[in-house]
Amino acid sequence: MTGNMNLKLVFFTFIAFCAASFGQDNSKFKVVLDAGHGGKDYGAIYHGFIEKNIALNVALKVGKILEKDNSVDVIFTRKTDVFIELDERPNIANRAKANVFVSIHCNGETKKTAFGTETFIIGATKSASNLEVAKTENNVIHLEKDKVKYDGFDPDSPESIIGIAIQQEAYRDQSIDLASRVEEIFTDEVKRKKRGVKQAPFWVLHKTAMPSILIELGFLSYKPEGDYLNSDAGQDELAKAIAKAILGYKKEYFIPIGSTVNYKEPEVTKDTKNKTEEKTTVAATSSSASSKGVVFKVQIAASGKSLELVPSNFKGLKNLSKDDSTSVIKYYYGQTDDYEEAKQLLAEARDKGFPTAFIVPFKDGKRIKIEEALKK
Ligand SMILES: [Zn+2]
């Protein structure tokens, strides 16, 4: 098992890092909406409230809102009351090369007193209640005939995913950002009780190759909240909030590459002359020459692995830098104080095979939001 696990680590790190796809349509922001459970898998049932129905209704409502925006492509893992194997959900998202994966669920607990929303990303946890949520959501594997693909994973001890969850590491910050937006809007605009952004080992989140979250809308076990979640008006409000969070995230991270950006073939330079330059690490925290103090870089990858900043490690891209101040090291391409030029760099990075690359602005060496960077 250990040997097998090591192999897997390497494999997942590799695909997380590459995530390459040439010739894909980068003009649309692709959202996968995953309504939890379905068919013979009812999910949580309390007071006659059924999770699979509520999750589906909310997912469909979110989709309806998002589909009004023609820069968004919505992909549903299910649109009707059908059973989908847990494994197939991330597969759908990966095949679609989605920009985000959003799984929608409802909570439940035996004491029937807890209430509020919580939004999860994948990760290890010591919290018994977080683990319990993951266990309940992973439980569907027990209903499936072919358990071979789960590779010995025991849904009753979800901690075992963590060893193979390396891939999501690359999307950790973005997943947290999306999850935080959901929780904030739920609280500020829909007046739900915020239990916050949490992490736990969910099977459905560990295989996706994009930022991924799992939303627990609330507790069906707490009757007043169950009533709200089961109501059309409640579902409308929650769906609006989720759609708003996704669109806010899109604004921050997604720039469609259209005809306005002219891709220039990178100059071929003499290898020997540039070798030392290429290796120079320009840390994200480095001071900038910009008068406004805002510098744009293109984040092309993030990984727990430290990689040498040479073009051969980054599909031939040069002018690389990294930020290794956290456990997940971020790798950047280019540096400019001109946003239009940054978009050009982004186009180059995508063209080179980093489809999920995005622009990151820094001010005085600190990462800031795009909106803030463009305010001036
Ligand atoms: Zn669920």
Side-chain angles (χ1 to χ4, degrees), residues 32-63 76-93 101-112 114-123 125 127-144 150 153-156 158 161 175 179 182-183 186 192 195-208 212-222 225-226 228-230 234-235 238-239 241-242:
V32 169
L33 297 174
D34 174 44
H37 315 277
K40 65 182 174 185
D41 172 19
Y42 282 65
I45 308 174
Y46 292 90
H47 313 290
F49 308 134
I50 302 168
E51 180 183 0
K52 66 169 184 175
N53 297 338
I54 296 169
L56 180 61
N57 290 346
V58 172
L60 292 174
K61 284 173 191 282
V62 175
F76 295 93
T77 54
R78 68 179 180 101
K79 289 184 89 168
T80 55
D81 183 19
V82 288
F83 180 75
I84 299 177
E85 299 192 338
L86 200 55
D87 199 46
E88 181 57 10
R89 299 171 189 266
N91 288 346
I92 290 170
F101 177 82
V102 178
S103 193
I104 299 171
H105 291 257
C106 305
N107 250 327
E109 50 100 52
T110 46
K111 276 192 278 179
K112 301 183 180 170
F115 65 99
T117 71
E118 49 197 26
T119 301
F120 285 90
I121 65 158
I122 194 162
T125 181
S127 150
S129 67
N130 291 4
L131 265 181
E132 202 47 47
V133 178
K135 227 189 243 183
T136 311
E137 301 296 5
N138 291 334
N139 229 344
V140 60
I141 294 174
H142 287 309
L143 294 177
E144 297 183 20
Y150 296 102
F153 166 68
D154 175 7
D156 294 324
I161 296 179
S175 300
V182 170
E183 284 295 297
F186 274 169
R192 311 312 301 162
R195 296 168 63 92
V197 175
K198 300 179 172 185
Q199 60 178 45
F202 293 92
W203 175 272
V204 75
L205 297 182
H206 96 281
K207 269 181 82 178
T208 53
S212 302
I213 61 170
L214 187 147
I215 302 170
E216 294 285 357
L217 298 168
F219 285 78
L220 298 181
S221 44
Y222 182 61
E225 191 156 74
Y228 174 80
L229 295 172
N230 204 41
Q235 290 168 8
L238 294 167
I242 295 169

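In listed order, ligands and their atoms are each counted from 1.
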Requested in this report: Decide whether a cation-pi geometry holds between Arg195 and Phe115; the criteria are a distance under 6.0 Å from NZ or CZ to the six-membered ring centre and an angle within 45° of the ring axis.
Outcome: no
Requested in this report: For the Zn ion (ligand 1), decide whether Glu51 has an N, O or S atom at a distance under 2.8 Å.
Outcome: yes
Report summary line: Shortest non-hydrogen pair, Val58 vs Ala239, comes out as O-CB, 3.9 Å
Report summary line: Among N, O or S atoms, His105 approaches the Zn ion (ligand 1) most closely through ND1
Report task. Validate the cation-pi geometry between Lys112 and Tyr222: distance from NZ or CZ to the six-membered ring centre under 6.0 Å, angle to the ring axis within 45°. Result -> no
**Report entry** Glu137, N/O/S atom nearest the Zn ion (ligand 1)
**Finding:** OE1
Query raised in the report: Okay, side chain of His47, backbone of Ser221: is any donor-acceptor separation there less than 3.5 Å?
Result: yes
Query raised in the report: Of all the atoms in Cys106, is at least one N, O or S atom closer to the Zn ion (ligand 1) than 2.8 Å?
Result: no
